[in-house]
Number of protein chains: 2
Amino acid sequence: MTSVPPIDKPIPSRRESAAQDKITRILNAALELFAERGFHGTAVPEVAKRAGVGAGTIYRYFEHKEDLVNAVFRSSKSKLKSYLLESVNLESDIKPLFHQFWQNLVKFALENPIDFRFLELQDHIPYLDTESKNTELEVLAPIWVICMRSQRQGASDNLSAEALMAMIWGAFVGLMKAHVLGYTTVNEDTLKKAEEICWQMINSQVHQ
Amino acid sequence: MTSVPPIDKPIPSRRESAAQDKITRILNAALELFAERGFHGTAVPEVAKRAGVGAGTIYRYFEHKEDLVNAVFRSSKSKLKSYLLESVNLESDIKPLFHQFWQNLVKFALENPIDFRFLELQDHIPYLDTESKNTELEVLAPIWVICMRSQRQGASDNLSAEALMAMIWGAFVGLMKAHVLGYTTVNEDTLKKAEEICWQMINSQVHQ
DNA sequence: TGAATAAGCATGAACATTCATTCTTTTAAA
DNA sequence: TTTAAAAGAATGAATGTTCATGCTTATTCA
């Protein structure tokens, strides 16, 4: 009795899985260093060293340093996206929708602090390619929907949905940053109160 | 009738004022480039070129590139400090105190967008020296006092003053960032509504 | 007062180092 | 045995920093 070979899932050869492993290690090393020192502050051979590969190996998988940072960016961004879309039903009422969004965001930031820090780095923008930039909007869909609906429900002279969204996102980022810098300690309790405050920001638009 | 020569204010020689002018031009050029491309992304000869001086001239006034960025940092930070302390009386009630703080912050960000951007870039930067890092706290005194007092007036299980402060600061930064990136337009009206929202963040601590 | 000299500053080409990228050699899978 | 991948030394461009030179300002002295 012989097993049927799978059609669309060829067993990866030893070589292929080793290559996949190398790519993963390179991306992880690059993420750590870019998050810590920024793009220009990170040398490619350093990435290689931390990944445990030769410098030349990086160039087998990534054409330039910019390719590498874009790959890291897309990886982190899609990780964020999958967290933020988890268990989200855009048809729900905005209160539970916001609660779910907040939980997802907190989970992402706590489980992936390095990705979070990397994504919040300012000096990205110039070297990101079009594809990387385009992912921005999909990621924020849940919070955008929330702000949009809160704005429509309220008075006509409300703050724009985009501005409200930016403030909520900024407040969360500010909180995490303060935590990282040691200005305050962020624990479960802090995050619950912060959620309440951010929810009030949204809710104040509905009931002025 | 001869004018009395001032004692403690010697008239700067032509040389001295030329030197002062050069330092100013170097600091301005460095600020612009660092704000735009970050520390590692900026070449010293570029700074010299934009300042209209020779590359070597920079090294007459600043020992290293790191000295330069620290000087720029201190300059921007002290500018921010003077804005934030303007017309502030720490004994006032927190509502007018917050209003004054917000106005000062808005004024600074609008009149000095490049300084604002630069200061937000330099987050947890390994190349800032101790003196640069220490200025942080004095600058935030007004908003810290506000958050501290709102926290004391309210219930005992409030969000910490530091966390609240971080969220308000973050919300403002998020708003300005969204403006710069073109996600939304920030005008006088937006800022007024944003102020109201941030005030509610504080006020919610007092009246839960 | 004004020419002559000294002192110090600014310059930018040159130097040394760092770093992205290439390439030859070595290693290992097929 | 063939072929492809990995390694890391080599390469060349970029960049922080220095330094010999020319120039400007200040001072001296006729």
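Computed from a prediction, not measured in an experiment: that's the story for all the values here. Proteins get letters first, then strands, A, B, ... in listed order; numbering begins at 1 in each.
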Whole-Å distance separating the [atom1] atom of [X] from the [atom2] atom of [N]:
X: B:D67; N: D:dG16; atom1: CG; atom2: C1'; answer: 13 Å
X: A:Y59; N: C:dA20; atom1: OH; atom2: P; answer: 6 Å
X: B:H40; N: D:dT15; atom1: NE2; atom2: P; answer: 13 Å
X: A:D21; N: C:dA29; atom1: CG; atom2: P; answer: 14 Å
X: A:K49; N: D:dA9; atom1: NZ; atom2: P; answer: 13 Å
X: B:K22; N: C:dT11; atom1: NZ; atom2: P; answer: 5 Å
X: B:I23; N: C:dA10; atom1: CD1; atom2: P; answer: 9 Å
X: A:I26; N: D:dG8; atom1: CD1; atom2: C1'; answer: 14 Å

**OP:** Kindly compute the distance separating CG (B:L121) from CZ (B:F34), expressed to the nearest 0.5 Å.
**Re:**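 Between B:L121 CG and B:F34 CZ, I get 11.0 Å after rounding to 0.5 Å.
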Subject >> Separation of A:N158 CG from A:Q205 CD (nearest 0.5 Å) >> reply: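 Interatomic distance, A:Q205 CD to A:N158 CG, rounded to 0.5 Å: 4.0 Å.
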Subject >> Residue A:K65, side-chain atoms from C-beta onward, closest of D:dT17, C:dT11, C:dT21 >> reply: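 Selected nucleotide: C:dT21.
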Subject >> A:R60 side chain, from C-beta outward: closest of D:dT17, D:dA5, C:dA20 >> reply: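 Among D:dT17, D:dA5, C:dA20, the one nearest the side chain of A:R60 is D:dA5.
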Original post:
Between B:K79 and B:E111, is there a side-chain N and carboxylate O pair less than 4.0 Å apart?
Top reply: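 Salt bridge absent between B:K79 and B:E111.
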Original post:
If you measure from the Lys or Arg side-chain nitrogens to the Asp or Glu carboxylate oxygens, is any gap between B:R37 and B:E46 under 4.0 Å?
Top reply: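 Salt bridge flag = yes for B:E46 with B:R37.
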For [X], report the nucleic acid contact type (base, sugar-phosphate, nothing); a contact means any heavy atom under 4.0 Å.
X: A:Y61; value: sugar-phosphate
X: B:T42; value: sugar-phosphate
X: B:A43; value: sugar-phosphate

**OP:** Report the relative orientation of the aromatic rings in B:F101 and B:W169; use parallel for angles under 30°, tilted for 30 to 60°, perpendicular for over 60°.
**Re:**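 Taking B:W169 first and then B:F101, their aromatic rings sit tilted (interplane angle of 30° to 60°).
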Subject >> B:H64 side-chain N/O to D:dG16 phosphate OP1/OP2 under 4.0 Å >> reply: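 Checking B:H64 against D:dG16: no side-chain N or O falls below 4.0 Å of OP1 or OP2.
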